[in-house]
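Numbers restart at 1 for each chain; the letters A, B, ... are given by sequence-line order, proteins then strands. Below, each value reflects all heavy atoms present in this structure, side chains not excepted, and no hydrogens, waters or symmetry copies.
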Amino acid sequence: MEVSKLTDKDLNLGVDIAGVHLNNPVMEASGTFGSGMEYSEYVDLNRLGAVVTKGVANVPWPGNPTPRIAETYGGMINAIGLQNPGLDTFCNRDIPFLKQYDTKIIVNVCGKTEEDYIDAVEKLGEQPVDLLEINISCPNVKEGGIAFGQVPAMAEKITAAVKKVAKQPVIMKLSPNVTDIAEMARAVEAGGADAVSLINTLTGMKIDVNRRTFAVANKTGGLSGPAIRPVAVRMVYQVANAVNLPIIGMGGITCAEDALEFIMVGATGVAVGTANFNDPMTTVKVVDGIRDYMIRNGVKDIHELIGCVK
Amino acid sequence: MEVSKLTDKDLNLGVDIAGVHLNNPVMEASGTFGSGMEYSEYVDLNRLGAVVTKGVANVPWPGNPTPRIAETYGGMINAIGLQNPGLDTFCNRDIPFLKQYDTKIIVNVCGKTEEDYIDAVEKLGEQPVDLLEINISCPNVKEGGIAFGQVPAMAEKITAAVKKVAKQPVIMKLSPNVTDIAEMARAVEAGGADAVSLINTLTGMKIDVNRRTFAVANKTGGLSGPAIRPVAVRMVYQVANAVNLPIIGMGGITCAEDALEFIMVGATGVAVGTANFNDPMTTVKVVDGIRDYMIRNGVKDIHELIGCVK
Amino acid sequence: MSYRENVEITRTACLADGVYEMWLKTEKMAKEAKPGQFISVYSNDGSRLLPRPISICRIDGNKLRIVYRVAGKGTEEFSKMEAGQRLDIQGPLGNGYELEKILSDVAGKTGKKVDRAVLFGGGIGVPPMLELAKQLHDAKTCDVEAVLGYRDNQLFLKSEFDEFGHVTVATEDGSIGTKGNVLDAVKTCKITGDVIFACGPTPMLRAIKAYAEENSIEAYISLEEKMACGIGACLACVCKTTHKDEHSQVNNARVCKEGPVFNAKEVEI
Amino acid sequence: MSYRENVEITRTACLADGVYEMWLKTEKMAKEAKPGQFISVYSNDGSRLLPRPISICRIDGNKLRIVYRVAGKGTEEFSKMEAGQRLDIQGPLGNGYELEKILSDVAGKTGKKVDRAVLFGGGIGVPPMLELAKQLHDAKTCDVEAVLGYRDNQLFLKSEFDEFGHVTVATEDGSIGTKGNVLDAVKTCKITGDVIFACGPTPMLRAIKAYAEENSIEAYISLEEKMACGIGACLACVCKTTHKDEHSQVNNARVCKEGPVFNAKEVEI
Ligand SMILES: Cc1cc2nc3c(=O)[nH]c(=O)nc-3n(C[C@H](O)[C@H](O)[C@H](O)COP(=O)(O)OP(=O)(O)OC[C@H]3O[C@@H](n4cnc5c(N)ncnc54)[C@H](O)[C@@H]3O)c2cc1C
Ligand SMILES: Cc1cc2nc3c(=O)[nH]c(=O)nc-3n(C[C@H](O)[C@H](O)[C@H](O)COP(=O)(O)OP(=O)(O)OC[C@H]3O[C@@H](n4cnc5c(N)ncnc54)[C@H](O)[C@@H]3O)c2cc1C
Ligand SMILES: Cc1cc2nc3c(=O)[nH]c(=O)nc-3n(C[C@H](O)[C@H](O)[C@H](O)COP(=O)(O)O)c2cc1C
Ligand SMILES: Cc1cc2nc3c(=O)[nH]c(=O)nc-3n(C[C@H](O)[C@H](O)[C@H](O)COP(=O)(O)O)c2cc1C
Ligand code: FES
Ligand code: FES
């Protein structure tokens, strides 16, 4: 076996997403990491390309009743219901916390109506955040959310409305619960999106057969974790072939090899979600593993890998 | 803990699907069991409510190039491409084999065009088979198959065309790769379907990052196994609330508890697929496990459990 | 501070039908642990990703002891493990009992020093009370009155409580002690105290909350909820609080972070 | 007949870098096994559902020996197991070598009794040849000429082949024997024979197929393909055949059922 002579400093792991430079392609997925505060005990946030915050709305949301989660085979379902403290608390507490680190800040925004989204995006315009990720795909709230994510015309409209007021580049986060993900990606591209992220969770259900009841109080929840990775990789591949936007790929990433699957089918960034619950150090292990892969295979620039499998 | 006094002979596990009586609700899923011949070394086929055959077409199909499968986390993807020996060989070899057993015969039918389906269904009219399962959801063949399974109007049309010539009751097998599974179920109900089975596989992809290539030659394949169970249970629940047809539920069943999830959200029958590859005795273990559950919980008739979680 | 460690199991035993104990040799975790805290225990089987939260039953130097009931696949896996095998764990997690602070708070509120603490443990809620009993006993500031509820005559850990205070037992089947639950035992045996600490099934905690309010006793109860992160990030494990808390802004405290120990008055259960 | 068994591992060892052996105590499986057959080995980790097909290397009473290279997560898991632990296996699977039939077939076709059999093993294709060498040796009807290809000087199993016949070695790095592959060794050492049995990487098998055709020698080769059922039901593991086979009607033989041993003439590789 040939061993490449590359060392750490020969490598370029940096990527650009909608004009924003990330030190490496690795971030965590919204909702699985809070705003990084709790995880900072385990992870040096400076090592992450970006921190993506839990979805935040213009006002506080109480979320769904418990139980909110259930473990499933190789994954989990969650129906947190986008509990969040509202933008005011978020801007006073979470953004200043994140500004201490050398990482980019991506704020995930949720809403029930177009007005909610616009209100939140306008308020965030004043804030030192780098990118906005608009969650139009949350399956766990009754109003809004998912409808925007399943009807192309609605997705285009909400994208355009958000873009009109947004001061930061806009990433639209797509739902996998659709017949044709490429069509959804083209819709948000038409609406003016600067990037897309996918996938959000697959709608799932678990039954507690002993208690003869739903395992999560909301009946349905979003399925995530390594179980869904093949669906996510397929969708990223489809979207990479359908639009001209940078893609943040996610869905079941647990290690560098998993992340590289997404990168090789066309993702510029990758996000680790559920795996953080199994091992809080997953994100940095992914960064290290990608670096090792590049050294082992003589790959100097991560761009040689992005979309290399066609 | 109270222990119920029920014994085996107090129990009714029998169910009717479109007028056909099955001794119990358990069968295996098409394509994972051949026509039962190979598995008969491990499983007493008399113990199964029905045997569902691998998809068969009017003429032999060569299927896809290899590798045709890849293991994924808690599941697998396959792109067999519906290789089959054609109806003539099938009727001369497989049906007589299955007739030796006290089980119902469900023949899974695939096709590329409406004419293919009609031809096969007409020929099967002469044969001693109990039910037809029409696969309009195979993601692994370029023509036909999946298109019928993703557009409601097409699904209704193919159902009506098949029903017109079918001598046996018709089960339409639905694809999960749609935005709204309830709409698809309503379409085949409108077309005259006698029952539905779901779910077929979720379209997925796996990348071999060391060889920088697709893990299955067909690029995409169908994701199956326990990884997808929450999606399958959710869809069966949705369909049970949308149509008035008996449902055969499947997707990741590995044990009796898994099967009971499907039954409790409204499935009359359940099918074991991928789990057979992990343990060839899974089907009979599911039958035994359902019986044990009923005894343990004082449930005399399986119908008390069908759809009991609302 | 909490840690992620891959630890060696140094001892295992079956304490009663379906109830097991495990001693774990930690690097740093045991040193920082408090009674009432828990650890996240991870499966070695890749199909089970989420941690199993298990309370700390005893702290002994660098060792932690956990006692658990087989409730499903994860705890079944643990029950089959043997000394010498390894497990991933994370902790110590949650607030746990800040004993000095609690005792002085209670004294402040009631205007009376705590002379006797009543510890309620029901079923698999018994083990988390043991380290608390020990620390209260060792601190010598108040008497320990433990009221332990079991299903039947398999009184796991009971004899260890005897070392730290007076113990009253209730059993569901009446085979030993008062027939019934821990509050039945309180009535029958006329047990009183200045503060209550309790862990057990929700109906028991609900009854104790009501009992404490009726009798104007401060009560601290340990709640359970399904967890994903176990460290306060995912908002899976919330419970309803009477006051809007700083973190959530919506009356939802995190059991894994603000809890699992709550003043009974502050939560709705 | 094949079986599903949960078996005890009776011995394990590391034979070379990344190459391990395992002895398994079976109930019925070993009794029915033939050289060239394989077993399906199942992971104890629920995230890995599919079997790992591993060839039978030796049959000894009720024991089976397998030798495998760590190629991924499954084989890595196996490599960490120790004597006393248990595994689910299924087998014996595939056709394997019906030795008497093959030898008389070959004699029939060539009009000449088989005096010398050449066994080619390349890399992790070496182990499956061992039981075959033994049975040919024990039958005493022909000489055994083994040509074994290795990466380097770690000649795992080589000394065991010495007991059953004459052995020639090729190494990729030239550290021992002929530098190059097994066919290089054949040329250098002028090895001849009346029938070929071969197992190894596809390029090697392709070269042997061509060599056999040029020299009009009957050759039997063991193919590999990804498998799901391992018993002929799922059609995952097909290979292209020159003739339409009875089962598929479409020139697709199942490696797990009609194979893994094929007459080289009958398959396209
Ligand atoms: C703070 C806290 C402390 C605990 N301390 C103990 C203890 O000391 N001893 C003990 O025996 N049990 C304790 N439990 C309960 C214990 O966590 C569950 O019994 C255990 O997680 C069941 O896992 P399983 O895989 O066997 O069951 P499964 O039902 O297969 O578990 C499936 C999923 O549900 C979760 N889950 C199931 N039951 C509970 C539950 N009651 N609470 C939280 N999550 C649950 C599991 O963690 C897992 O993610 C505690 C729970 C909490 C929240
Ligand atoms: C008939 C037959 C006999 C074999 N005999 C031996 C043997 O004696 N010794 C040995 O070391 N190897 C043998 N192999 C190859 C062995 O099956 C693979 O190396 C092993 O399955 C890899 O598993 P893994 O989990 O380590 O790798 P992973 O790459 O993690 O496996 C992922 C999946 O791919 C499958 N897979 C990966 N490589 C192969 C392969 N080469 N062939 C078939 N499936 C594969 C695995 O079974 C699993 O389902 C044989 C293969 C076949 C088909
Ligand atoms: C507990 C939990 C909470 C989540 N909350 C959000 C959220 O607030 N906003 C959002 O866009 N996605 C949310 N997601 C979806 C994830 O960001 C991610 O898209 C999905 O989980 C797939 O990645 P994974 O398989 O790595 O977890 C959440 C996921 C989980 C598991
Ligand atoms: C190898 C394989 C082959 C399959 N072939 C067919 C088929 O021919 N016709 C069909 O309708 N479904 C086919 N399926 C889908 C299964 O019948 C089933 O719907 C799906 O696998 C979900 O169930 P499971 O998770 O239990 O495997 C196949 C699945 C697998 C894994
Ligand atoms: S388990 Fe994640 S916040 Fe408590
Ligand atoms: S692996 Fe299923 S047919 Fe060979």
Side-chain angles (χ1 to χ4, degrees), chain A residues 28 31-43 54-55 59-90 93 208 210 215-217 221 224-227 252 254 273-281, chain C residues 1-6 32 40-53 71-74 88-94 202 223-241 244-258 267-269:
Chain A
E28 29 62 55
T32 64
F33 211 74
S35 291
M37 219 173 287
E38 292 81 10
Y39 275 92
S40 65
E41 238 176 88
Y42 302 90
V43 176
K54 167 78 187 159
V59 294
W61 289 12
N64 287 327
T66 56
R68 289 177 169 187
I69 58 147
E71 190 181 61
T72 67
Y73 204 101
M76 64 179 284
I77 57 179
N78 89 80
I80 307 295
L82 293 172
Q83 177 187 325
N84 77 86
L87 256 184
D88 290 346
T89 302
F90 178 81
R93 178 181 66 195
D208 181 330
N210 290 316
V216 298
S224 63
T254 68
T274 302
N276 292 307
F277 304 151
N278 185 256
D279 177 355
M281 276 88 83
Chain C
M1 194 66 191
S2 62
Y3 308 92
R4 168 76 167 212
E5 295 186 14
N6 180 266
E32 304 215 6
S40 277
V41 186
Y42 295 83
S43 170
N44 284 322
D45 185 304
S47 68
R48 290 188 281 279
L49 296 171
L50 298 183
R52 273 59 186 162
K73 295 260 175 72
D88 283 326
I89 65 172
Q90 205 165 300
L93 302 174
T202 307
L223 300 188
E224 274 192 14
E225 192 47 78
K226 298 271 158 97
M227 296 183 178
C229 71
I231 62 173
C234 74
L235 308 182
C237 67
V238 299
C239 65
K240 281 268 153 268
T241 54
K244 189 185 282 184
D245 67 294
E246 164 54 25
H247 182 267
S248 78
Q249 302 284 322
V250 288
N251 301 37
N252 274 352
R254 297 163 295 182
V255 170
C256 73
K257 192 83 185 176
E258 282 83 44
V267 289
E268 288 170 19
I269 56 172

Hey, are the side chains of [X] and [Y] touching, using non-hydrogen atoms and a 4.5 Å cut-off?
| X | Y | result |
| --- | --- | --- |
| C/H247 | A/P85 | no |
| C/L50 | A/I69 | yes |
| A/Y73 | C/R48 | no |
| A/M76 | C/L49 | no |
| A/E38 | C/C229 | no |
| C/Y42 | A/N278 | yes |

Discussion item. Using heavy-atom distances under 4.5 Å, tell me whether A/N84 contacts chain C through its side chain, its backbone, both, or neither.
Written reply: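 A/N84 touches chain C through backbone heavy atoms alone.
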Discussion item. Counting only non-hydrogen atoms closer than 4.5 Å, does A/T254 touch chain C with its backbone (N, CA, C, O), its side chain (CB onward), both, or neither?
Written reply: neither
Worksheet item: Looking only at heavy atoms, what is the nearest atom pair of A/F277 and C/A228, with distance?
Response: CB-O, 3.3 Å
Worksheet item: Which atoms form the tightest heavy-atom contact between A/Y42 and C/R4, and what is the distance?
Response: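 Between these two residues, the closest heavy atoms are CE2-N, 4.0 Å.
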Which of [options] touches chain A most, by non-hydrogen pairs under 4.5 Å:
| options | result |
| --- | --- |
| C/S2, C/S40, C/C237, C/S248 | C/S2 |
| C/D45, C/L235, C/N251, C/D88 | C/L235 |
| C/Q249, C/K257, C/M1, C/M227 | C/Q249 |

Choice from [options] maximising heavy atom contacts with chain C below 4.5 Å:
| options | answer |
| --- | --- |
| A/M281, A/R93, A/K54, A/M37 | A/R93 |
| A/G34, A/P226, A/G86, A/A227 | A/G34 |
| A/D279, A/T274, A/T72 | A/D279 |

Worksheet item: Residues two or more places apart in sequence or in another chain: which of them pass side chain to side chain donor-acceptor pair (under 3.5 Å) with C/E32?
Response: C/Y3
Worksheet entry | Matching residue for A/T66 among C/K240, C/K226, C/E225 - test: side-chain hydrogen bond (donor to acceptor under 3.5 Å, both in side chains) | C/E225
Worksheet entry | Pair A/E71 + C/K73: basic N to acidic O under 4.0 Å | no
Practice prompt. State which residues pass ring pair (Phe, Tyr, Trp, His ring centres under 6.0 Å) with A/F33; sequence neighbours excluded, sorted by chain then number.
Written response: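 A/F33: ring pair (Phe, Tyr, Trp, His ring centres under 6.0 Å) contacts with A/Y39.
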Worksheet entry | Residue pair A/Q83, C/N252: steps toward the side chain to side chain contact (heavy atoms under 4.5 Å, CB included) verdict | CA-CA 9 Å; A/Q83 177 187 325; C/N252 274 352; 2.9 Å; yes
